[in-house]
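Both backbone and side-chain heavy atoms feed into the values below; hydrogens, waters and symmetry mates do not.
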Amino acid sequence: MTSTTPADGITPDQMQARIGTESVSDWVAVTQGMIDQFAAATGDHQFIHVDPVAAAQTPFGGTIAHGFLTLSLMPLLASKVPDAPRIAGTKMGVNYGGNSVRFLSPVRSGSRVRGRFTLLSFDEKRPGQWQQTNAFSVEIEGQEKPALIAEWISQIFV
């Protein structure tokens, strides 16, 4: 469920009132080029990610995205949520960590994925600093089982 968000943002109290609400991103393609760039950045060149011929001989039937690439899509997918709520006056947001990350299904090269976010908590840590926890899953178009599930914790500074 999404709602219209004022251009200047919402208050922390309004964000707390959203606890339990769900938002869904637009679809994003996971391309072989993206996978190859991630392999180059991380040094993980395992054939199931970068060699389409060899990967075709595995149960995956082709190359798959790295699990950590799929996990790293969280900020991109969050940016693709139409009318995502934003706290008015936000100066910056930072990743704080994650809980219970599980990789459930491989993401084949050429697949489209989207993020599903459920706000679990929004707490003031100190004046001007808020901590937000979202249940997060990456869904693969046409598949029932998600690619991953996790809790994503971020901090927002106003």
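- For the atom pair Leu148 CG and Glu139 CD, the distance stands at 10.5 Å (nearest 0.5 Å).
- Residues Ser109 and Gln32 bring a donor and an acceptor atom of their side chains to less than 3.5 Å of each other.
- Here the closest heavy-atom approach between residue Ser111 and residue Arg108 is recorded as OG-O, 2.8 Å.
- The OG atom of Ser137 sits 8.0 Å away from atom CD1 of Ile149, with the distance rounded to the nearest 0.5 Å.
- Taking 4.0 Å as the cut-off between side-chain N and carboxylate O, Arg114 and Glu141 do not count as a salt-bridged pair.
- With a 4.5 Å cut-off on side-chain heavy atoms, His66 and Pro106 do not count as touching.
- The CZ atom of Arg112 lies 9.0 Å from the CG atom of Asp26; values are rounded to the nearest 0.5 Å.
- Follow the hydrophobic side-chain contacts under 4.5 Å out from Leu104 and you never reach Leu69; the two are in separate clusters.
- Residue Gln57 holds its CD atom at 14.0 Å from CD1 of Ile48, rounded to the nearest 0.5 Å.
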Please evaluate residues Met15 and Leu119 with respect to the criterion side chain to side chain contact (heavy atoms under 4.5 Å, CB included), reporting the C-alpha separation (whole Å), side-chain torsions for both, the decisive distance (0.1 Å), and the verdict. CA-CA 9 Å; Met15 183 66 92; Leu119 182 61; 3.9 Å; yes
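- The closest side-chain heavy-atom distance from Phe157 to Gln155 is below 4.5 Å.
- Relative ring orientation between Phe117 and Phe136 is described as tilted, the plane-to-plane angle lying within the 30° to 60° band.
- Between the side chains of Trp152 and Asn95, at least one donor-acceptor pair of N or O atoms lies under 3.5 Å.
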Test side chain to side chain contact (heavy atoms under 4.5 Å, CB included) on Gln37 and Thr31; report intermediate values, then the result. CA-CA 10 Å; Gln37 287 180 334; Thr31 66; over 6 Å; no
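- Linking ILVMFWY residues whenever their side-chain heavy atoms come closer than 4.5 Å, directly or via other members, places Phe60 and Phe47 in the same cluster.
- Side-chain contact between Ser72 and Phe38 is present, with at least one heavy-atom pair separated by less than 4.5 Å.
- Between the side chain of Asp123 and the main chain of Lys125, no donor-acceptor pair closer than 3.5 Å is present.
- Side-chain N or O atoms of Arg116 include none that pairs as donor or acceptor with a backbone N or O of Ser25 at under 3.5 Å.
- Separation of atoms CD1 (Ile19) and CG (Leu120) is listed at 8.5 Å; rounding is to 0.5 Å.
- When the side chains of ILVMFWY residues are joined at heavy-atom separations under 4.5 Å, either directly or via intervening members, Ile10 and Ile156 end up in a single hydrophobic cluster.
- Placement of Val107 and Leu76 within a single hydrophobic cluster is found when ILVMFWY residues are connected by side-chain heavy-atom separations under 4.5 Å, directly or transitively.
- Taking all atoms of both residues into account, the shortest heavy-atom contact from Lys145 to Ile140 is O-CD1, 4.4 Å.
- Judged by distance alone, with hydrogens and angles left aside, the side-chain atoms of Ser105 form no donor-acceptor pair with the main-chain N or O of Ala147 at under 3.5 Å.
- Between Asn99 and Ile153, some side-chain heavy-atom pair lies under the 4.5 Å cut-off.
- Nearest heavy-atom pair, Gln132 versus Asn134, reported as atom, atom and distance to 0.1 Å: NE2-ND2, 2.9 Å.
- Listed here is the closest heavy atom pair of Val113 and Val30: CG2-CG2, 3.9 Å.
- Between Thr11 and Ile87 there is no side-chain heavy-atom pair separated by less than 4.5 Å.
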Test side chain to side chain contact (heavy atoms under 4.5 Å, CB included) on Trp130 and Gln16; report intermediate values, then the result. CA-CA 11 Å; Trp130 295 82; Gln16 286 176 323; 3.8 Å; yes
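- Side-chain contact between Ile64 and His49 is present, with at least one heavy-atom pair separated by less than 4.5 Å.
- Annotation: side chain of Pro85 is in contact with side chain of Arg18 (closest heavy-atom distance under 4.5 Å).
- Within the model, atoms CZ of Arg126 and CD of Gln131 stand 10.0 Å from one another, a figure rounded to the nearest 0.5 Å.
- Looking at heavy atoms from C-beta onward, Val94 lies out of side-chain contact with Ser154 at the 4.5 angstrom threshold.
- Val138 and Trp27 fall into different hydrophobic clusters, where Ile, Leu, Val, Met, Phe, Trp and Tyr are joined by side-chain heavy atoms under 4.5 Å apart, directly or via other members.
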